Amino acid sequence: MQVTVLGGGLVGVTTAWYLLDAGHEVTLVDRATELAAEASHANGAMLHASHTEPWNTPRAIGQLLRWIGREDSPLLLRPSEIPRMARWGLGFLRYSQAHHHARNTQVNARLATYSLRLMRELEAQVPLDFTQSHEGILKIFHTPEALETAKADTALMAEVGVRHETLDAAGLATREPALADIRESLSGGIFYPDDASGDARLFCQRLGQIAVQRGLELRLGETIQQLHCARGRLTEVETDRSRLKADAFVLATGAEAPQLAKQLGIRLPIRPVKGYSATLDVSDLEGAPRLPIIDDGRKVVITRLGDQLRIAGTAEFTGYDTTVRPRRVAAVIRQGLANFPRLAAQIDPAEADQWACLRPMSMDGPPILGESGVPGCYLNTGAGHLGWTFAAGAGRVVADLIDGKTPTIALEGLTLGRYA
C-alpha cells in the first residue's frame, strides 16, 4: 500500500516508521526544510506517563480566568482569542468536570505507558542517540494541598500501570541533591521510575535518517495546499510543488490539522496552545539537577540534556501566533531556576536559546487517532503537551489501523467517534 504522511514532527515520523516496518511504501511531506522544525523542535524533553492529566481541571479553569491578559502568568488567555475559541472553550469547560477529567487521565495514561514501552523496544532495535536518560522523573510540590491532589491523580494513573513512589522533602533532596537548597519550601513529591527524557528533535531527525535509508521518501520544504477527494475518498494531496496520490493519508500536522481537515468537512475540536522553552548551557556549573523535574505549581518542567538544561512551560491561548516573546521566556526561566538558587546565581538568562511552539490541544485532553470518517484519511493529532510521550504509541496505533490490524491497546476515548 502507498501511504503519505502529512507532517514531519514526532507523530508524523513515528507513524511513517511503523508503516515502513509493516512493509508499506511511505512518503512524508512537511513544509519545513528539516524534520522536527516546529512543535517537536525544543519541547520539554520529557517522556512521562506521570504527567498525563489533561490541562482542563476545575482548578486550571479558575486560574485561567483569573490570569486573563497577565503576561507573567503560566496560563494566559489573550482577550482577542476569546471569540475565536468560544465553541472549543465550552467543550473545554464541560470536560473539566471531575468524572470526565478522571476518565481522560486514565485514557492518556494507558496510551502513555504503551508508548514508553514501544520507545524502549525501538531504542533496543535501532541505534539512536538523542541524549536519552531512563532514570525517572520527579514531580515536586510546594504545598500540602497540591501534593494531595497529585496523589489522587497518580492513583488513577497507577490503575493502568504507572509506577510511583511518594517522597517527603528530605527524600526529594536525597534523590536529587540540587533541590537541597529549597528543601524547607517543599511539601513533598512523587518519583516515577519508568519515565524518561531525551532530545525530541534529535530523535526525530535521526529516526528519519534511518527511515530514509530503509525506503522512506522524504519531501521537505513542500507546503500542503489542497486535499482532493474522488467519490468521497481522499485520493490526492496538492502541494506548492506537486500532486501526490496514495491509497491512504495520515493527517499529522499538529495544530494545523483542523484547517486541513476542514477541507474534507471534518471538524476537529483542537485549538493551538502556545508553549515556550529556554535552553541553557550548564556545563561546569554547580547546582544543576541531574533528574528531570516537573514543578506543577509553577507550571514548568526542567530537563537535563547533557551539558544543557531545558526549561519549558506555560500555556498561552493566542491563536496561531508563533511569536517568541522574551518576557514570556524570561518568566519560564525565572520559575524554573527558582528551584535551584545556586545555579541561578551563575546563569545569565539573556544567553538562553529561546523557543515557542503551538501544541495541538483537543478540548477533552486525549489525542485523536485513527479513521476520520472520510475514507483514505487517518488522524494522528491533538496530543497537546504530550506529543513526545505519545509519539511511538500513537504512531503504532495508526499504522496498525492502516495495516488492517487490531491495535494492541483499546481505542476507547482516543478516536474522533468519542465526540459523536
Side-chain angles (χ1 to χ4, degrees), residues 5 7-18 20-21 26 28 30-49 51 112 115-137 195-214 216 218 220-221 252 254 275-283 288-293 301-313 324 336 352-359 380 383 385-396:
V5 177
L10 283 161
V11 294
V13 170
T14 51
T15 305
W17 175 264
Y18 287 115
L20 276 173
D21 195 51
V26 185
L28 187 148
D30 194 88
R31 64 188 179 185
T33 55
E34 65 176 18
L35 295 173
E38 299 188 35
S40 303
H41 186 79
N43 62 14
M46 291 187 177
L47 294 141
H48 45 33
H51 202 47
S115 188
L116 296 191
R117 176 167 64 80
L118 288 179
M119 276 295 299
R120 289 191 291 272
E121 292 176 1
L122 186 57
E123 288 181 64
Q125 295 166 359
V126 183
L128 289 170
D129 178 8
F130 51 97
T131 323
Q132 64 263 51
S133 170
H134 295 278
E135 298 188 42
I137 289 177
D195 284 356
S197 62
D199 190 316
R201 180 184 62 85
L202 286 180
F203 169 85
C204 201
Q205 293 182 351
R206 289 174 179 175
L207 186 64
Q209 290 169 359
I210 297 173
V212 168
Q213 295 169 9
R214 299 189 180 186
L216 174 67
L218 196 57
L220 298 177
Y276 292 87
S277 76
T279 305
L280 301 156
D281 183 359
V282 294
S283 55
R290 176 181 58 85
L291 289 174
I293 293 172
V301 299
I302 305 108
T303 308
R304 185 74 175 264
L305 295 169
D307 288 335
Q308 296 183 322
L309 192 70
R310 174 76 49 77
I311 306 176
V324 178
D353 289 334
Q354 302 182 4
W355 184 254
C357 70
L358 301 178
R359 312 175 184 103
N380 192 347
H385 67 296
L386 294 164
W388 190 194
T389 298
F390 288 156
R396 178 62 181 271

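Computed from a predicted structure; not experimentally measured.
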Undergrad: Search all heavy atoms of S115 against all heavy atoms of G393 and return the closest pair with its distance.
TA: OG-N, 2.9 Å
Undergrad: I'd like to know whether R120 forms a side chain to side chain contact (heavy atoms under 4.5 Å, CB included) with Q125, so could you lay out the CA-CA distance, the side-chain angles of the two residues, the decisive distance to 0.1 Å, and finally the verdict.
TA: CA-CA 9 Å; R120 289 191 291 272; Q125 295 166 359; over 6 Å; no
Undergrad: Check whether any side-chain heavy atom of Q354 sits under 4.5 Å from a side-chain heavy atom of Y276, and report yes or no.
TA: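 Side-chain contact under 4.5 Å: no.
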Undergrad: Calculate, to the nearest 0.5 Å, the distance between atoms CG and NE2 belonging to D353 and H41 respectively.
TA: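 If I round to the nearest 0.5 Å, the distance is 8.5 Å.
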Undergrad: Between OG of S40 and CG of D199, what distance do you get to the nearest 0.5 Å?
TA: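 The OG atom of S40 sits 11.0 Å away from the CG atom of D199.
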Undergrad: Flag the pair L128 / L202 as yes when at least one side-chain heavy-atom distance between them is below 4.5 Å, and no otherwise.
TA: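 Sidechains of L202 and L128: no contact.
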Undergrad: Just say parallel, tilted or perpendicular for the rings of F203 and F130, cut-offs at 30° and 60°.
TA: perpendicular
Undergrad: Would you say T303's side chain and P292's backbone share a donor-acceptor pair under 3.5 angstrom?
TA: no
Undergrad: Using the side chain to side chain contact (heavy atoms under 4.5 Å, CB included) rule, take L207 and L122 through it: C-alpha gap first, then chi angles, then the decisive distance, then the call.
TA: CA-CA 10 Å; L207 186 64; L122 186 57; 4.2 Å; yes
Undergrad: Tell me yes or no: between the side chains of T279 and R310, is some donor less than 3.5 Å from an acceptor?
TA: yes
Undergrad: Whether the side chain of S277 engages the backbone of A312 through a donor-acceptor N/O pair (distance < 3.5 Å, no angle test) should be reported.
TA: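 Looks like no, no N/O pair under 3.5 Å.
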Undergrad: I'd like to check P289 versus L309 (side-chain heavy atoms, cut-off strictly below 4.5 Å). Are they in contact?
TA: yes
Undergrad: Just by modelled atom types, is the G221 backbone N or O under 3.5 Å from a matching donor or acceptor in the T33 side chain?
TA: no
Undergrad: Looking at side-chain heavy atoms only, is the closest gap between V26 and W17 below 4.5 Å?
TA: no
Undergrad: For V5 and A252, work out which heavy atoms get closest and say how close.
TA: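 Of all heavy-atom pairs spanning V5 and A252, the closest is CG1-CB, 4.5 Å.
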Undergrad: Minimum heavy-atom separation for F390 to A383, with atom names?
TA: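 The pair with the smallest heavy-atom distance is CD1-CB, 4.0 Å.
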Undergrad: So H385 and H48, would you call those rings parallel, tilted or perpendicular, with 30° and 60° as cut-offs?
TA: tilted
Undergrad: Might you work through the side chain to side chain contact (heavy atoms under 4.5 Å, CB included) test for V301 and I293, ending with a clear yes or no?
TA: CA-CA 6 Å; V301 299; I293 293 172; over 6 Å; no
Undergrad: State the OG-CG distance between S197 and L291, to the nearest 0.5 angstrom.
TA: 9.0 Å
Undergrad: Is a side-chain N or O of R304 found less than 3.5 angstrom from the main chain of G306, in a donor-acceptor match?
TA: yes
Undergrad: Are V13 and L28 close enough that some pair of their side-chain heavy atoms sits under 4.5 Å apart?
TA: yes
Undergrad: Is a side-chain donor or acceptor of N43 paired with a backbone partner of W388 at a separation under 3.5 angstrom?
TA: no
Undergrad: Give the C-alpha distance, both sets of side-chain angles, the deciding distance and a yes or no for salt bridge (Lys or Arg N to Asp or Glu O under 4.0 Å) between E38 and R31.
TA: CA-CA 10 Å; E38 299 188 35; R31 64 188 179 185; 2.9 Å; yes
Undergrad: To the nearest 0.5 angstrom, please state how far the CD atom of Q213 sits from the CG atom of L20.
TA: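 Result: 12.0 Å between the selected atoms.
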Undergrad: If you look at every heavy atom in T389 and M46, which pair is closest and at what distance?
TA: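 For T389 and M46, the tightest heavy-atom pair comes out as OG1-O, 3.5 Å.
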Undergrad: For a quick test of reading the model, state the closest non-hydrogen atom pair linking A196 to H134 and the distance between them.
TA: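 Nearest heavy atoms, A196 then H134: CB-ND1, 3.7 Å.
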Undergrad: Does the side chain to side chain contact (heavy atoms under 4.5 Å, CB included) test come out yes or no for Q308 and V282, once each step is laid out?
TA: CA-CA 5 Å; Q308 296 183 322; V282 294; 5.8 Å; no
Undergrad: Hey, does the side chain of D129 reach the backbone of T131 with a donor-acceptor pair shorter than 3.5 angstrom?
TA: yes
Undergrad: Can you tell if the side chain of L47 reaches within under 4.5 Å of the side chain of D195, non-hydrogen atoms only?
TA: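 No, side chains not in contact.
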Undergrad: Return the minimal non-hydrogen interatomic distance between C204 and L10, and the atom names on each side.
TA: SG-N, 3.8 Å
Undergrad: Just by distance, no angles: are the side chains of T15 and N380 close enough, under 3.5 Å, to form a donor-acceptor pair?
TA: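 On atom types as modelled, these side chains qualify, holding a pair under 3.5 Å.
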